[in-house]
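Starting from 1, each residue takes its place in the sequence as its number.
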Amino acid sequence: LEFRRVLFRSTPPFPEHAAGSLSNDMRRGFMSNDVLANCSWQYLERSIGRLLLGEGFSRVRMLGQTGDEGADVLGYKNGKRWLVQVKRRRAASVGVEVIDETVRAAHVYRADVPVVATNVGFTDQARAQQSQLLGAGTLIQLWDRSTLVKRWERLPPLPISMRQPRPYQERSEEHTSELQSRQYLVC
């Protein structure tokens, strides 16, 4: 599979501002109830990518385009590949057909954790389908509007990509640089 668009390889999840200078109110504004109710599908997809980055996911990529097989965002965390299908709706809740499409996309992209994220909610049938899939070992997650807002509000004030490394991380970076200079390690 070819990934055509890469999302913010090292850009912080809060665009156009230094993350440290954002107030909590401004930070929440990126994914509030009001914003999610009225945003475009492009904004929602990018906000999900920013959310994943803020939660410590790596290699976050935007995939959403024609022929994406039902995948919009791909990221990695704790050794698992996460695939997110983003559904922006005006009012109607997301149903079983989207869950089925997301599970198929997870197989295509070899994702460990399929996620459906939406700015609205899910039908009762979709929640029942999730329970069946979880029982069968498919780790599908359903993120509705309130889940997205809660996840966004729990983000640390400073994104992981902008935090100072811990001493052991600095030593590891120094050791890697030393090995590279000796040509023991090629990156």
Side-chain angles (χ1 to χ4, degrees), residues 1-22 27-28 30-31 36 39 41-65 67-88 102-118 134 137-144 147-181 184-187:
L1 297 173
E2 180 182 333
F3 302 112
R4 297 193 174 142
R5 295 186 301 172
V6 176
L7 172 70
F8 329 106
R9 219 174 265 280
S10 62
T11 305
F14 313 113
E16 302 173 14
H17 299 286
S21 68
L22 281 177
R27 197 165 59 80
R28 276 191 213 107
F30 283 104
M31 199 178 285
L36 290 173
C39 68
W41 64 267
Q42 297 96 333
Y43 183 92
L44 184 58
E45 282 185 9
R46 286 174 179 82
S47 292
I48 298 299
R50 289 182 181 111
L51 175 66
L52 295 182
L53 285 170
E55 289 182 335
F57 282 74
S58 63
R59 298 183 350 221
V60 174
R61 299 174 188 189
M62 300 300 294
L63 304 173
Q65 58 189 338
D68 63 17
E69 303 287 338
D72 294 311
V73 183
L74 190 67
Y76 297 81
K77 187 170 185 181
N78 298 328
K80 294 192 183 296
R81 183 182 298 183
W82 292 58
L83 175 136
V84 183
Q85 162 106 301
V86 180
K87 286 296 179 188
R88 190 253 181 238
T102 304
V103 170
R104 282 191 303 274
H107 290 291
V108 170
Y109 287 88
R110 296 186 307 272
D112 303 300
V113 183
V115 178
V116 180
T118 183
L134 288 170
T138 301
L139 303 175
I140 188 154
Q141 296 189 17
L142 305 182
W143 298 352
D144 59 13
T147 301
L148 291 173
V149 170
K150 286 176 191 171
R151 290 178 81 102
W152 191 262
E153 289 176 348
R154 283 195 312 249
L155 288 179
L158 197 58
I160 290 172
S161 63
M162 296 182 70
R163 294 183 201 157
Q164 292 297 320
R166 295 183 179 123
Y168 74 89
Q169 292 168 321
E170 287 178 349
R171 288 190 302 272
S172 175
E173 286 178 14
E174 291 168 5
H175 183 69
T176 300
S177 296
E178 182 181 328
L179 290 175
Q180 286 175 334
S181 69
Y184 291 126
L185 182 64
V186 177
C187 293

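- The CH2 atom of W152 sits 9.0 Å away from atom CD1 of I48, with the distance rounded to the nearest 0.5 Å.
- Formation of a donor-acceptor pair under 3.5 Å by the R81 side chain with backbone atoms of Y109 is found in this model.
- Heavy atoms only, all atoms of each residue included: K87 and L44 are closest at O-CD2, 3.9 Å.
- Once rounded to the nearest 0.5 Å, the distance linking CD of Q141 with OG1 of T147 reads 9.5 Å.
- Considering CG of L63 and CD of E45, their distance stands at 9.0 Å, rounded to 0.5 Å.
- Residue A71 comes nearest to A105 through the heavy atom pair N-CB, 4.2 Å, listed as atom of the first residue, atom of the second, then distance.
- Residues G79 and D112 approach most closely at O-OD2, 4.1 Å, considering heavy atoms.
- Here the CZ-OH distance, from R50 to Y43, works out to 6.5 Å after rounding to the nearest 0.5 Å.
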| field | Working for side chain to side chain contact (heavy atoms under 4.5 Å, CB included), residues T102 and V115 | value | CA-CA 7 Å; T102 304; V115 178; over 6 Å; no

| task | Evaluate the criterion side chain to side chain contact (heavy atoms under 4.5 Å, CB included) for residue pair V73 and M62; output intermediate values, then yes/no. | result | CA-CA 5 Å; V73 183; M62 300 300 294; 3.9 Å; yes

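- Remark: T118 OG1 to L36 CG distance equals 9.0 Å, nearest 0.5 Å.
- Taking both residues in full, the closest heavy atoms of T138 and P114 are given as CG2-CG, 4.0 Å, listed atom of the first, atom of the second, then distance.
- Aromatic ring orientation, W82 versus F57: perpendicular (interplanar angle above 60°, classes split at 30° and 60°).
- Between D72 atom CG and L83 atom CG the span is 8.0 Å, to the nearest 0.5 Å.
- Salt-bridge formation is detected for the pair R151/E55: a Lys NZ or Arg NE/NH1/NH2 atom is positioned less than 4.0 Å from an Asp or Glu carboxylate oxygen.
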